[in-house]
Amino acid sequence: MNENAPATFQLPEQMSTLAPQVDWIYYFIFWLSVVMFVGIVSAMVFFAWKYRERPGHKAEPTGHNMTLEIGWTIAPVFVLVFMFHKGFEGYLNLSVAPANSMIVKVNAKQWAWEFVYPNGGSSDELHVPVHQPIKLVMDSADVIHSFYVPALRVKRDVVPGMFSMVWFEATHVGHDDIFCAEYCGGRSTGPGGTELPYAPSDDPLHPYIAGQATGHWSMHSMLYVESKEDFDKFLKSIGDPCDAYVNAGKDCPLKVAADQGAKLAQSKGCVACHTTTGARLVGPSWKGIFGKQESTDKGGVSVDEAYIKESILDPNAKIVTGYQGVMPTFRGQISDAELDEITAYIKSLKD
Ligand code: HEC
Ligand SMILES: [Cu+2]
């Protein structure tokens, strides 16, 4: 099932390991519908002709046929359960990223995509290495968006106030469009019209948001699948995300957030149980944990934004192997902005 087909009359090119599975169930449903349609319409036409009104024939009511009724109720149930099973299998596959996935953070907002890579750099187009599972951790700054790449057969909603996750592994070098598949508003321009939610920014990292996009239709980007070498070159080219700010003579917001997070770790008392040096206290050290695999009582997890948030608000959801579930919850005592700052701090604690 891993042969990737080029575009067909009905479907675009396959570019991910998942695509053949999605297309299989698509064609199964399509051909089942064709067979049912031809069968039902033929029978209908045949019987309409067979029992047509003609001299010498009287209409005879047929009554109830129990065997038939039960037959055409049970048979479709099997087909539906099979289709549900296939669909659910695909959904689960899409939801559970392999342990060796590279994490890319996706920020959606009206009307742009931003992709943040493991080295901290960001871009408005998604570059990924071929044959490498990519886990997208997605978040929206405003309304619901939906990340959609046809050739990957991947589509998932991006919802404000939570992280949604999807993963894929590209099978060959190439490119495809990234669309927003959720109607996410537009700019009203007429006299007295509503204001654009984002004023043009002088943020050197996000010049593309600078007021040139005007609606859902413009929330378009590109996916580039590259060889490992090309991808490494790309990563180098976006470099340290702070460079652009430093060059513009400004404070780097990431650094400011991380510094703020360091202060919070003190004032909220995290440092009583966590070090940043690699040394173990009551809880594990934060040094170098971001992006790593952590083993917990619920199995292996990769440490990403969503896991850190969960660890702080719901510490007992997953307990790190070798530690006690003694961390208190900070739900209600820590704002969303503070969570982001602590996350930025933990991210900055590289090995
Ligand atoms: C009373 C001690 C204690 C305090 C205070 C505490 N923690 Fe923890 N924390 C733990 C322990 C023990 C674990 C490991 C067990 C678990 O997963 O719950 C842990 C786990 C974590 C993890 C997951 C680490 C990993 O390696 O997977 C994060 C992230 C975390 N804490 C963040 C925080 C933050 C942020 C604060 C302050 C707002 C904080 N903790 C305060 C004891 C504490
Ligand atoms: Cu959108």
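In listed order, ligands and their atoms are each counted from 1. It should be emphasised that the depicted structure is a prediction, and the values quoted were computed from it without experimental measurement.
- What sits closest to atom 15 (C) of ligand 1 on the protein, heavy atoms only, is Gln324 O, 3.6 Å.
- Comment: Lys233 does not engage Glu226 in a salt bridge, judged by the lack of any side-chain N to carboxylate O separation of less than 4.0 angstrom.
- The nearest heavy-atom contact from the protein to atom 37 (C) of ligand 1 is Cys270 SG, 1.8 Å.
- Taking the six-membered ring where the residue is Trp, the centroids of Phe234 and Tyr224 are separated by 6.0 Å or more.
- For ligand 1 and Gly269, the ligand atoms under 4.0 Å from any heavy atom of the residue are 5 (C).
- For ligand 1, one of its N or O atoms has an N or O atom of Val320 under 3.5 Å away.
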(request) Go through the steps to decide whether Lys318 and Glu294 satisfy the test salt bridge (Lys or Arg N to Asp or Glu O under 4.0 Å), and finish with yes or no. (result) CA-CA 10 Å; Lys318 299 186 187 78; Glu294 188 70 277; over 6 Å; no
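- In summary, an N, O or S atom of His274 is located under 2.8 Å from atom 8 (Fe) of ligand 1.
- Atoms of ligand 1 found under 4.0 Å from any heavy atom of Tyr323 (numbered from 1 in listed order, with element): 14 (C), 15 (C).
- Here His216 fails the criterion, with no N, O or S atom under 2.8 Å of the Cu ion (ligand 2).
- Closest N/O/S atom of His145 to the Cu ion (ligand 2): ND1.
- Our summary of the site lists the angle at the Cu ion (ligand 2) between SG of Cys184 and SD of Met219 as 100°, to the nearest 10 degrees.
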(request) With salt bridge (Lys or Arg N to Asp or Glu O under 4.0 Å) as the test, would you mind laying out the steps for Lys255 and Asp259 before giving the verdict? (result) CA-CA 6 Å; Lys255 178 127 198 333; Asp259 290 348; 3.4 Å; yes
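- Among protein heavy atoms, atom 24 (C) of ligand 1 sits closest to Pro284 CG, 3.8 Å.
- Here the side chains of Val143 and Gln110 are in contact, with some heavy-atom distance below 4.5 Å.
- In Glu69, the CD atom is crowded: over 12 heavy atoms of neighbouring residues, nucleotides or ligands sit closer than 6.0 Å.
- Closest to atom 11 (C) of ligand 1, if we only count protein heavy atoms, is Gly283 CA, 3.6 Å.
- For the residue pair Tyr27 / Thr8, a side-chain donor-acceptor distance below 3.5 Å is found, with atom types taken as modelled.
- At a 4.0 Å cut-off, at least one heavy atom of Pro315 sits close enough to ligand 1 to count as contact.
- Here the protein heavy atom with the shortest distance to atom 32 (C) of ligand 1 is Trp286 CZ2, 3.6 Å.
- Shortest contact from atom 39 (C) of ligand 1 to any protein heavy atom: Met327 CE, 3.4 Å.
- The shortest N or O to N or O distance between Glu294 and ligand 1 is under 3.5 Å.
- For the pair Ile319 and ligand 1, a heavy-atom separation below 4.0 Å is found.
- Among protein heavy atoms, atom 2 (C) of ligand 1 sits closest to Cys273 SG, 1.9 Å.
- The Cu ion (ligand 2) lies at 2.8 Å or more from every N, O or S atom belonging to Ser146.
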(request) Check step by step if side chain to side chain contact (heavy atoms under 4.5 Å, CB included) holds for Leu18 and Leu152. (result) CA-CA 7 Å; Leu18 179 86; Leu152 298 178; over 6 Å; no
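- The distance from atom 8 (Fe) of ligand 1 to the nearest N/O/S atom of Ser311 is not under 2.8 Å.
- Side-chain contact of Glu13 with His172: a donor-acceptor pair under 3.5 Å is present, judged by distance alone.
- Side-chain N or O atoms of Ser285 include one that pairs as donor or acceptor with a backbone N or O of Thr275 at under 3.5 Å.
- Less than 4.0 angstrom separates some heavy atom of Val282 from each of these atoms of ligand 1: 12 (C).
- Proximity of Leu126 to Phe147: side-chain heavy atoms (C-beta onward) are separated by under 4.5 Å at one or more points.
- Between the side chain of Ser140 and the main chain of Asp142, a donor-acceptor pair closer than 3.5 Å is present.
- Polar contact check, Tyr307 against ligand 1: a nitrogen or oxygen pair lies under 3.5 Å apart.
- For the 3.5 Å distance criterion, the side chains of Asn107 and Lys109 fail to qualify, holding no donor opposite an acceptor.
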